[in-house]
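In this chain, residues are counted from 1 in sequence order. What you see is a predicted model; the values in this text were computed from it and never measured.
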Amino acid sequence: MQRTSEMELMLQGYGLTTAQILYRMPDHPGLLQTFIWQHYDLAPKFPALYRFLDFWRESLDGPLHSVSYSHKRLISPNEWRNVSGELVLH
């Protein structure tokens with residue numbers, strides 16, 4: 001399987017999504033723990049984030065308390081252009 005580069009993802013509309021996940025400790029449900037997750041994802045549906053949260057609910061013991069996220073498109077196709085040339089300084 002070929003891995004897509006970060007630049008290719010950004011040109012396809014992906015942006016960097018960061019989620020702060022608060023979850024309860026399995027042995028001490030009164031305590032909250034923080035987990036930070038980052039991945040390139042597509043807003044506004046966030047398929048990668050939802051896949052990760054589904055995995056968490058199905059596979060991990062710590063029940064989720066809350067999830068807050070931020071998303072930033074780092075580059076869009078109309079902001080990037082390929083420039084060929086050479087600049088020579090003495």
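- In this model, no donor atom of one side chain and acceptor atom of the other lie less than 3.5 Å apart for Thr17 and His39.
- Summarising the geometry, atom CG belonging to Leu53 is positioned 11.5 Å from atom CZ belonging to Phe46; distances are rounded to the nearest 0.5 Å.
- In this structure, CE in Met25 is found 5.5 Å from CD in Gln33, a value given to the nearest 0.5 Å.
- The closest side-chain heavy-atom distance from Arg24 to Leu32 is below 4.5 Å.
- Val67 is connected to Leu60 through a chain of hydrophobic side-chain contacts under 4.5 Å among Ile, Leu, Val, Met, Phe, Trp and Tyr, so both are in one cluster.
- The heavy-atom pair separating Leu49 from Asp41 by the smallest distance is N-OD2, 3.0 Å.
- Annotation: the span from Tyr40 atom OH to His71 atom NE2 amounts to 11.0 Å, rounded to 0.5 Å.
- Going from atom OG1 of Thr34 over to atom NE2 of His65 covers 10.5 Å, rounded to the nearest 0.5 Å.
- Leu64 and Leu22 are members of different hydrophobic clusters when ILVMFWY side chains are connected at heavy-atom separations under 4.5 Å.
- Note that CD1 of Ile21 and CD1 of Ile36 are 8.0 Å apart. Values are rounded to the nearest 0.5 Å.
- Salt-bridge check for Arg51 with Asp54: failed, with every basic side-chain N at 4.0 Å or more from each acidic carboxylate O.
- When the ring-ring contact (aromatic ring centres under 6.0 Å, His included) test is applied to Tyr23, the partners found at least two apart in sequence or on another chain are Trp56.
- Separation of atoms OG1 (Thr4) and CE (Met10) is listed at 12.0 Å; rounding is to 0.5 Å.
- Leu42 and Tyr50 fall into different hydrophobic clusters, defined by Ile, Leu, Val, Met, Phe, Trp and Tyr side-chain heavy atoms under 4.5 Å apart, directly or through other members.
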